Protein chains: 2
Amino acid sequence: MLTDGQFEYFYSHFKRQAFQKGQALITEGDRVDYEYFVVSGCLKSFFINDDMKMFILQFAMPTWWASDYNALYHRTKATINVDCITDGELLCLSNDDREKLCREIHNVEHFFRWRTNKGFVAAQKRLLSFMNNNVKYRYEELLEQYPELYNIVPKQLIAAYLGVSRETLSRLYHP
Amino acid sequence: MLTDGQFEYFYSHFKRQAFQKGQALITEGDRVDYEYFVVSGCLKSFFINDDMKMFILQFAMPTWWASDYNALYHRTKATINVDCITDGELLCLSNDDREKLCREIHNVEHFFRWRTNKGFVAAQKRLLSFMNNNVKYRYEELLEQYPELYNIVPKQLIAAYLGVSRETLSRLYHP
DNA sequence: AATACTGTGTGATCCAGGTCACTTTTGAAT
DNA sequence: ATTCAAAAGTGACCTGGATCACACAGTATT
């Protein structure tokens with residue numbers, strides 16, 4: 001889709017960054033300037049409610065993107081957090097640079113439209129699964145889709161993704 | 001964003017269509033060629049599971065769009081349905097025409113990227129509310145955001161949107 | 001007015017999953 | 001090896017919401 005020269009230019013706007021397990025990338029209440037493309041490692045985007053309970057919106061594996069897209073697009077304070085589950089490496093793209101690149105190169109805008117559509121469809125699909133399926137099914141669905149998660153991510157976090165307590169998840173396979 | 005001439009051209013690709021209560025626009029298993037912009041009236045997009053239970057993904061009110069975006073973008077058979085809750089009027093845009101317009105007019109592609117992002121953020125937000133809040137809260141959140149729904153849409157459908165049984169919804173305010 | 005259909009209310013019962021409190025395992029750090 | 005912290009398992013108990021069954025609107029249709 002992009003010529004070599006265009007890709008070179010596109011790529012030059014990304015900042016490569018190493019990150020360590022536990023490092024916060026986006027914190028609730030802060031400004032959000034970047035979205036992140038995962039080269040290696042694993043991120044999570046999550047929300048903490050008033051009772052300090054965590055809900056995970058997304059595990060971002062290699063080739064996935066993560067950010068607080070509401071805050072990023074509308075220049076408002078973050079309402080969700082993004083941090084690192086493992087060490088790894090990522091490419092950072094600022095909102096300004098993305099918009100600039102989208103303006104300058106039509107195909108870049110096309111790319112981001114399709115990526116966002118993919119995310120939208122995935123979110124709707126997850127919503128349906130939430131309404132339709134019980135925990136066990138959703139857990140197996142998740143592991144089928146991302147078998148790596150089983151080894152990388154503590155069960156607590158998987159429970160927070162599935163929207164159940166860690167006890168319930170534990171009891172699924174230790175009745 | 002668009003010049004008058006561009007808008008004229010853009011608009012010329014939409015087919016205006018009147019629709020009646022109960023009319024199906026997209027049916028599971030069929031091909032999906034269009035997305036729909038609601039001028040007046042109200043649509044629902046929904047999924048029916050093996051037990052014939054309905055789950056509503058979206059109520060589409062005026063100025064909203066609806067389709068099976070997965071099927072539409074990937075030219076696969078519909079997995080979700082869209083039909084009309086009330087009489088009304090809509091503008092139909094074919095997938096081919098959207099892609100053509102996006103190719104021809106950069107700003108159209110920009111528009112659809114932003115629209116899709118908005119949908120993505122809304123879906124994520126609903127997912128969070130699902131995990132975080134109980135039925136009563138979600139019901140009141142919904143009515144606060146779309147007070148019209150209360151009069152237009154039967155409670156059964158609201159229950160199917162909230163992901164609870166109609167009995168439970170009824171008991172919320174008739175204990 | 002009688003019929004039929006769609007939307008609701010409501011009681012009784014059941015169960016998936018939550019919560020709390022405690023124990024055990026694992027794994028990293030000294 | 002020892003210590004400490006994070007993760008995971010487990011028992012007892014509670015509760016929101018599902019399910020089933022039936023009653024009671026409204027509002028078309030004949």
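None of these values were measured; they are calculated from a predicted model. Each chain gets a letter, A, B and so on, in the order the sequences are listed, and its residues count up from 1.
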Extract all donor-acceptor atom pairs below 3.5 Å that involve side chains of residues 168-175 of chain B and protein atoms in other chains or at least two apart in sequence.
residue, atom, partner, partner atom, Å
B:Thr168, OG1, B:Ser165, OG, 3.0
B:Tyr173, OH, B:Glu140, OE2, 2.4
B:His174, ND1, B:Ser170, O, 3.1

Could you pull out every donor-acceptor pair under 3.5 Å between side chains of residues 109-121 of chain B and any protein atom, sequence neighbours left out?
residue, atom, partner, partner atom, Å
B:Glu109, OE1, A:His106, NE2, 2.8
B:Glu109, OE2, A:His110, ND1, 2.7
B:Glu109, OE2, A:Arg113, NE, 2.8
B:Glu109, OE2, A:Arg113, NH2, 3.0
B:His110, ND1, A:Glu109, OE2, 2.8
B:His110, NE2, B:Trp114, NE1, 3.4
B:Arg113, NE, A:Glu109, OE2, 2.7
B:Arg113, NH1, A:Tyr73, OH, 2.8
B:Arg113, NH1, A:Glu99, OE2, 3.0
B:Arg113, NH2, A:Glu99, OE1, 2.9
B:Arg113, NH2, A:Glu99, OE2, 3.1
B:Arg113, NH2, A:Glu109, OE2, 2.9
B:Arg115, NH1, B:Glu35, OE1, 2.7
B:Arg115, NH1, B:Tyr69, OH, 3.4
B:Arg115, NH2, B:Glu35, OE1, 3.3
B:Thr116, OG1, B:Phe112, O, 2.8

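For A:Met54 and D:dA7, the CE to C1' distance is 14 Å, given to the nearest whole Å. Residue B:Glu167 contributes atom CD, which lies 14 Å from atom C1' of D:dG16 at whole-angstrom precision. Rounded to whole Å, atom P of D:dG17 lies 14 Å from atom CZ of A:Phe130. Note: NE2 (A:His174) to P (D:dG11) measures 12 Å, nearest angstrom.
A donor-acceptor pair under 3.5 Å links the side-chain atoms of B:Thr86 to the main chain of B:Cys42, judged by distance alone.
B:Lys21 meets the side chain to side chain contact (heavy atoms under 4.5 Å, CB included) test with B:Asp87; sequence neighbours excluded. Listed by chain and number, the residues in a side chain to side chain contact (heavy atoms under 4.5 Å, CB included) with A:Thr79 are A:Asp68 (sequence neighbours excluded). In this structure, the side chain to side chain contact (heavy atoms under 4.5 Å, CB included) partners of B:Gln58, at least two apart in sequence or on a different chain, are B:Ser45, B:Ala60, B:Trp64, B:Ala66. Here B:Phe46 pairs with nothing under the ring-ring contact (aromatic ring centres under 6.0 Å, His included) rule; sequence neighbours left out.
Inter-axis angle, ends of the helix from C:dA1-D:dT30 to C:dT30-D:dA1, five pairs per end, rounded to 10 degrees: 40°.
For the contact set between residues 145-158 of chain A and DNA chain C, defined by any heavy atom under 4.0 Å, there are no members.
Cluster note: B:Leu57 groups with A:Phe47, A:Phe55, A:Leu57, A:Ile80, A:Leu127, A:Leu128, A:Phe130, A:Met131, B:Phe47, B:Phe55, B:Ile80, B:Leu127, B:Leu128, B:Phe130, B:Met131 through ILVMFWY side-chain heavy atoms spaced under 4.5 Å, whether in direct contact or through intervening members.
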### Message
How would you summarise protein contacts on nucleotides 25-30 of chain C per nucleotide, using B for base, S for sugar-phosphate only and - for none, with heavy-atom distances below 4.0 Å?
### Response
------

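For B:Phe59 and B:Tyr161, the gap between ring centers is short of 6.0 Å.
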Between the protein and nucleotides 13-18 of chain C, list the N/O to N/O atom pairs that are separated by less than 3.5 angstrom.
residue, atom, partner, partner atom, Å
C:dG17, OP1, A:Val135, N, 3.3
C:dG18, OP1, A:Ser165, N, 3.3
C:dG18, OP2, A:Ser165, N, 3.1
C:dG18, OP2, A:Ser165, OG, 3.0
C:dG18, OP2, A:Thr168, OG1, 2.6

Give me, pair by pair, the N or O atoms of the protein and of nucleotides 27-30 of chain D that are less than 3.5 Å apart, along with how far apart they are.
none

### Message
Let's go through B:Phe10 and B:Phe14 carefully: what are the C-alpha distance in whole Å and the side-chain angles of both, what is the deciding distance for ring pair (Phe, Tyr, Trp, His ring centres under 6.0 Å) to 0.1 Å, and is it a yes or a no?
### Response
CA-CA 8 Å; B:Phe10 176 65; B:Phe14 287 81; 5.2 Å; yes

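Put simply, A:Val82 and A:Leu90 are part of the same group of oily side chains (I, L, V, M, F, W, Y) that touch within less than 4.5 Å, one to the next.
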